[in-house]
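Below: one structure, written as structure tokens.
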Number of protein chains: 2
Amino acid sequence: MPRETKGKNRRTTIKDVAALAGVSASTVSRVLAMDPRISPATAEKVRKAIQEVHYHPNGIARSLVRKASLTIGFSVAQPPDQAFASPFVAESLRGAAAIAQRYGYYLMIFTAPTPAEERHHSLTLFREGRIDGVILTTARVHDTLLGDLQREGVPFAVIGRPAGRQVTYWVNNDNVADARAATAHLLQLGHRRIGLVTGPRQFVVTLDRMRGFRLAMQEAGQSPRLLAIADGSFTEQGGYEATQTLIRRYPDLTALLITDDVMAVGALRALAEAGRRVPADVAVMCFNDSLLASTAHPPLSAVRIPMYELGAKATELLIAVLAGRPPESGHILLPADMVLRASTGEASDTNGATNHATEKE
Amino acid sequence: MPRETKGKNRRTTIKDVAALAGVSASTVSRVLAMDPRISPATAEKVRKAIQEVHYHPNGIARSLVRKASLTIGFSVAQPPDQAFASPFVAESLRGAAAIAQRYGYYLMIFTAPTPAEERHHSLTLFREGRIDGVILTTARVHDTLLGDLQREGVPFAVIGRPAGRQVTYWVNNDNVADARAATAHLLQLGHRRIGLVTGPRQFVVTLDRMRGFRLAMQEAGQSPRLLAIADGSFTEQGGYEATQTLIRRYPDLTALLITDDVMAVGALRALAEAGRRVPADVAVMCFNDSLLASTAHPPLSAVRIPMYELGAKATELLIAVLAGRPPESGHILLPADMVLRASTGEASDTNGATNHATEKE
DNA sequence: TTGAAAGCGTTACCAG
DNA sequence: CTGGTAACGCTTTCAA
């Protein structure tokens, strides 16, 4: 009769442990929580029992009672068939995963092509109790998302600069300053006819970089009305098409600033097809600086955006908030370096994979 | 007194809805589950109440009682500071995310540098009830992981070919055949002194591709003892170093097969430094074919591994298993094409970004 | 220092 | 067709 022919193969629960150790479930729970007022003797007993039955506390039950999932959502604001193809997303996810893991948080990812879907997923996951907060990887210009999340009490941190003033937690590089510095660098090299290829204008990052470009050009005495700018999607093809448009309309450009390295690769293709040599005819400079930039032909000079760090910092920020110790300074600006390679005619070798001769701004 | 000054700002629960609609919680639950035997009238009442209080069922509570989290784990067998940097990981994750989302599953990702950690994370997440099953992205040669998971009853699907015979669910391309075809192609171009640069030998994929290489070389009458092979880590630097070693030891190589495109980019760097022109002195062919391969200099001929599809199919397989309708055929082999570009001297243009003139095997 | 009991928010069985 | 009630596995008062 003391045979244990009860459950078939239920996973072992806290009660099994309690029974085996001859204590109550509460006591087991306390041992697990390292409650100091448990006697060393019983603690030992319980621990042995836990070992014996291979007990693992059910995280779902815990989440239910604690009202916390220990899970962070990571929102990729792109169609699932593009997400992660972008080095920016992949790298910032890498940073987020590293930090989440370090602090004992789980990471749940979801993709959302449209703002509406991103809103829906973030809200639903939170309301269902599946995530405690969310990392957003994109800030759009006219976007009710952030306001909605705030209103609903969803904790979140943004990678990028939110358009409004009201958002508290975000991490970014200073895109206006960085784009301005990059443009200034091209000007300093002697270029005057500089074109800008940007991503979609619905993104704050696009507008910020455009603004930096404009500022530098104005400072150089260029009329803001005459600036050569074209936009495209954040893809190789997008960069290709935007560049084609731009160089057709402005055939005398001698330099191109491109706000994304994937797009820049497409720009190189367009330039090659048009018979323009880089950097002899047209100098090219881009943003991000993934492996793609250093292995392109020619290797691309780039503003090195700390993508990994952006993801990591945003996650740290969110975790601090979730842990109830929100940092006084809600946002962080990370510095971006400039990496000079052959595409602006300045690199010593032609394969810049390790040629990170950087120049602080 | 009919003022609702009850909870402070508790999220609304099924009971709130029940109270408002004047029915029991069970009834609300049934409406949610679209139980056919609920009367249209009450269903309507309940639905209105749900709208009114903005009710969202708590997913954690559901998971607890249903013993299913609707969540799939995605294991990245790499240190968090490398994960997703690999196009293979990024692309297969993309595929997994798309399918998971389509079937209403959530995706939880975790990184694990060592087999021990991968085992620990997979097992713990499952035992805690946080995931219903797991996608593994790497198959190692001597690996108890898969056996352990089976023993513990963790449903899983593998991207890649598991070493043992016992594993049921996996998706792969035929690496032996694909490597053999690639080598055969180089042979057909007239090369005889062909070197192989591979990833770490602990991975099944490495051994399979080595095997294919060997087979083709043997068929061409080469002594298997004299084959030029070097291995390195799956990084640009790994490819660089392995290639350096290889071309020093075998200075007369006229072609290189490299089992990864990130590594191939490093190989190009090593060749350039050694003063070998590609393809004039050394032809280069690689695997995977991400954007990196087509934008390298020169553009790399590659065996195009369907990375996205591998992730997608593995996820479909796992979801089928979780849904209780395990497919009769447990594993799937996807075909891989060959994309010929300038690095083997065959491309018409030098920028192969869209030059996917493929050749079926 | 420990135990009993009351939840956490659902679902599902058993009556009616 | 609908309502009570007992789980699901854990944490956390409240008592002792």
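First the proteins, then the strands, lettered A, B, ... as listed; each starts at 1.
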(message) Taking only side-chain N and O atoms of B:Ser29, does any of them lie within less than 4.0 angstrom of OP1 or OP2 on C:dT11?
(response) yes
(request) Could you tell me the separation between the CD1 atom of B:Ile14 and the OG atom of B:Ser24, rounded to the nearest 0.5 Å? (result) 8.5 Å
(request) Determine: side-chain N/O of A:Lys15 to OP1/OP2 of D:dC10, distance under 4.0 Å, yes or no. (result) no
(request) Grab the CD1-C1' distance between B:Ile60 and D:dT11 for me, whole Å please. (result) 15 Å
(request) Provide, to the nearest angstrom, the distance between the CG atom belonging to A:Asp35 and the C1' atom belonging to C:dT1. (result) 9 Å
(request) Output, in order, the C-alpha distance, side-chain angles, deciding distance and verdict of side chain to side chain contact (heavy atoms under 4.5 Å, CB included) for B:Thr12 and B:Val17. (result) CA-CA 8 Å; B:Thr12 67; B:Val17 178; 5.5 Å; no
(request) Map B:Arg66 and B:Ser24 onto DNA chain D by nearest heavy atom, then report which one ends up closer to the 5' terminus. (result) B:Ser24
(request) Show your working on side chain to side chain contact (heavy atoms under 4.5 Å, CB included) between B:Ile159 and B:Phe88 and close with a plain yes or no. (result) CA-CA 11 Å; B:Ile159 299 177; B:Phe88 189 93; 4.0 Å; yes
Pairs: protein N or O with nucleotides 14-16 of chain D N or O, under 3.5 Å:
none

(message) When you measure from the side chain of A:Thr137 to the backbone of A:Ser75, do you find a donor-acceptor pair of N or O atoms at a distance under 3.5 Å?
(response) yes
(request) On DNA chain D, check which nucleotide each of B:Leu64 and B:Ser39 is closest to and give me the residue with the more 5' one. (result) B:Ser39
(message) Students often get this wrong, so: under 4.0 angstrom with heavy atoms, is A:Thr42 touching a base, only sugar-phosphate, or nothing?
(response) sugar-phosphate
(request) Consider the side chain of A:Thr13, meaning its heavy atoms from C-beta on, and name the nucleotide among D:dC10, C:dT1, D:dT2 that approaches it most closely. (result) D:dC10
(message) Check this for me: does any side-chain nitrogen of one of A:Arg62 and B:Glu128 sit under 4.0 Å from a carboxylate oxygen of the other?
(response) no
(message) Nearest whole Å is fine: how far is D:dT12 P from A:Ile14 CD1?
(response) 11 Å
(message) Using heavy-atom distances to pick each residue's nearest nucleotide on DNA chain C, tell me which of A:Gly22 and B:Ala61 is more 5'.
(response) A:Gly22
(message) Tell me if the side-chain of B:Ser26 makes a donor-acceptor pair with the base of C:dA12, cut-off 3.5 Å, by modelled atom types.
(response) yes
(message) D:dC10, OP1 or OP2 - any side-chain N/O from A:Arg62 closer than 4.0 Å?
(response) no
(request) Report which part of the nucleic acid A:Val23 touches: base, sugar-phosphate, or nothing (heavy-atom distance under 4.0 Å, all strands). (result) sugar-phosphate
(request) Using whole Å, report how far CG of B:Leu32 lies from C1' of C:dT11. (result) 11 Å
(message) Using the side-chain heavy atoms of B:Val65, tell me which of these nucleotides is nearest: C:dT1, C:dG9, D:dC10.
(response) C:dG9
(message) Within the structure provided, determine whether B:Phe126 and A:Arg11 are in side-chain contact (heavy-atom separation under 4.5 Å).
(response) yes
(message) Expressed as a whole number of angstroms, how long is the span from A:Ile50:CD1 to D:dG9:C1'?
(response) 14 Å
(message) Closest approach to the side chain of A:Thr27, judged atom by atom: which nucleotide of C:dT11, D:dT5, C:dT2 is it?
(response) C:dT2
(message) Keeping A:Thr315 on the side-chain end and A:Gly311 on the backbone end, is there a donor-acceptor pair under 3.5 Å?
(response) yes
(message) Tell me the interatomic distance from B:Glu128, atom CD, to D:dC8, atom C1', rounded to whole angstroms.
(response) 16 Å
(request) Examine distances only and state if a side-chain atom of A:Arg130 and a backbone atom of B:Ser69 form a donor-acceptor pair shorter than 3.5 Å. (result) yes
(message) Students often get this wrong, so: under 4.0 angstrom with heavy atoms, is B:Ile38 touching a base, only sugar-phosphate, or nothing?
(response) sugar-phosphate
